[in-house]
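Small disclaimer: the values here were computed from a predicted structure and weren't measured.
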Amino acid sequence: MKRWTPKAIATEAKLLLIGIPVLLWTLIPVYHMVLFAISSKDSATSGHLWPKNPTLDNFRIVFQQKHFYLDHFWLQLGNSLLIALSVGALTLFVATTAAFAISRLRVRGGRTVMNLALFTYFIPAAFLAVPMYKTMGNYGLLNSQWALILAMVTIASPYCIWVLKQASDKLPYELDEAARMDGASPLQLFRLVYLPLMVPSLVAVGTYSLLLAWNEYLYAFLLLSNDRSVTLAVALGNFLSADDSPWELLMATGLIYALPPAAIYYAFKRYMVGGLTAGAVKS
């Protein structure tokens, strides 16, 4: 049983003084989103702390696409899912192979290339939007989902390579030497030794890149313009184009859109927390 001392009580009190305001600051926007989502159009802005007659009609309207802003809801949600999964898979492939080559194969100039890639983060991603738009136009990829996928892979890869390289450096190099003595090729070393030991970090960076693509708005807005190819994040912005916006439908749609990343995060939370430092093996 934990023994409470004055020092421990003071520490807990300080944590509560910090934690409670942060918790409220985080939950209040979510509360308002839920409040609008279960309110009718007339009572959504009434100022009540809880609607007198909560309703799920807004979710029914969203699911059945019974509003002109929601004509392509399911298609746009599918676009978001397809793009996010593609970005996660491609980023994971690029980062995994690059980190293996730099850390385990120790290719010449690998660390320099990685550091130069990280240097791009000194430039805010928003500043690169116009050059990225111009580049995609030159290659004829505008209004193609591949434009957004490649753009997000470009943005996510440097950080993911760095994370996997740091985790890979913690693996005993004797494992590689033992595998080579047994006649393992670099591909077998990658598949049989490297990948199994890197699973926590692979899940962490894969989840990071997937969520990054899922929540992206600026690049999706610039690179995609067809209502049938845009992501749901961009489509949500259309709700604000009118003076009398259906806020209750916007919040219901936003709440639905927020559920998949929340589920993904909580499903892989232990990897997200521990994956960045995984890879160490006791000798």
Side-chain angles (χ1 to χ4, degrees), residues 15 19 22-23 26 80-107 110-121 125 149-182 184-216 257-283:
L15 291 175
V22 171
L23 179 64
T26 304
S80 295
L81 183 61
L82 175 64
I83 290 171
L85 290 175
S86 299
V87 170
L90 286 176
T91 302
L92 200 56
F93 173 77
V94 171
T96 304
T97 52
F100 175 74
I102 295 169
S103 178
R104 313 310 293 183
L105 300 182
R106 300 180 180 179
V107 296
R111 294 175 187 270
T112 302
V113 172
M114 183 188 68
N115 291 331
L116 288 175
L118 282 174
F119 182 75
T120 60
Y121 285 138
I149 292 171
L150 294 176
M152 296 312 301
V153 170
T154 302
I155 293 172
S157 291
Y159 174 72
C160 294
I161 292 172
W162 179 79
V163 169
L164 292 181
K165 189 263 179 188
Q166 299 304 315
S168 179
D169 284 347
K170 294 180 180 180
L171 299 178
Y173 199 70
E174 290 76 13
L175 294 174
D176 298 24
E177 295 175 345
R180 287 193 179 96
M181 289 180 64
D182 290 337
S185 65
L187 183 59
Q188 291 173 321
L189 181 65
F190 175 78
R191 182 169 57 89
L192 300 176
V193 178
Y194 179 76
L195 288 182
L197 294 175
M198 291 287 289
V199 167
S201 294
L202 295 178
V203 173
V205 300
T207 305
Y208 160 78
S209 56
L210 187 151
L211 295 180
L212 183 69
W214 181 269
N215 293 316
E216 179 58 33
Y257 190 64
L259 292 179
I264 291 172
Y265 173 77
Y266 282 105
F268 299 110
K269 182 171 63 174
R270 63 192 183 99
Y271 291 109
M272 293 295 290
V273 174
L276 302 183
T277 57
V281 177
K282 293 183 179 180
S283 58

Heavy-atom side-chain proximity of [X] to [Y] below 4.5 angstrom:
| X | Y | value |
| --- | --- | --- |
| L202 | L92 | yes |
| F100 | L189 | yes |
| Y173 | R104 | yes |
| K165 | R111 | yes |
| I161 | L118 | no |
| T96 | M198 | no |
| W214 | I264 | no |
| S168 | Y194 | yes |

Practice prompt. Applying side chain to side chain contact (heavy atoms under 4.5 Å, CB included), run through I149 and L82 and close with a yes or a no.
Written response: CA-CA 9 Å; I149 292 171; L82 175 64; 5.7 Å; no
Of the non-hydrogen atoms in [X] and [Y], which two are nearest, and what is the gap between them?
| X | Y | result |
| --- | --- | --- |
| V199 | P196 | CG2-O, 3.4 Å |
| V94 | T97 | O-OG1, 3.1 Å |
| I83 | A213 | O-CB, 4.5 Å |
| A117 | P158 | O-CB, 3.6 Å |
| G110 | I102 | O-CD1, 3.5 Å |

Inter-residue atom distance [X].[atom1] - [Y].[atom2], 0.5 Å rounding:
| X | Y | atom1 | atom2 | result |
| --- | --- | --- | --- | --- |
| S86 | M152 | OG | CE | 12.5 Å |
| K170 | L197 | NZ | CG | 14.0 Å |
| L192 | L175 | CG | CG | 12.5 Å |

Discussion item. Using the side-chain contact (heavy atoms from CB on, under 4.5 Å) criterion, which residues pair with R191? Sequence neighbours excluded.
Written reply: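 Expected list: Q188.
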Worksheet item: S157 pairs by side-chain contact (heavy atoms from CB on, under 4.5 Å) with which of T91, V205, T120?
Response: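 With S157 as partner, T91, V205, T120 yield a single side-chain contact (heavy atoms from CB on, under 4.5 Å), made by T91.
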Worksheet entry | Y121 side chain to I155 backbone, donor-acceptor under 3.5 Å |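 The answer is yes, because a donor-acceptor pair under 3.5 Å joins these two groups.
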Item to complete: Take T207 and Y265, measure what side chain to side chain contact (heavy atoms under 4.5 Å, CB included) needs, and give me the verdict at the end.
Response: CA-CA 8 Å; T207 305; Y265 173 77; 5.8 Å; no
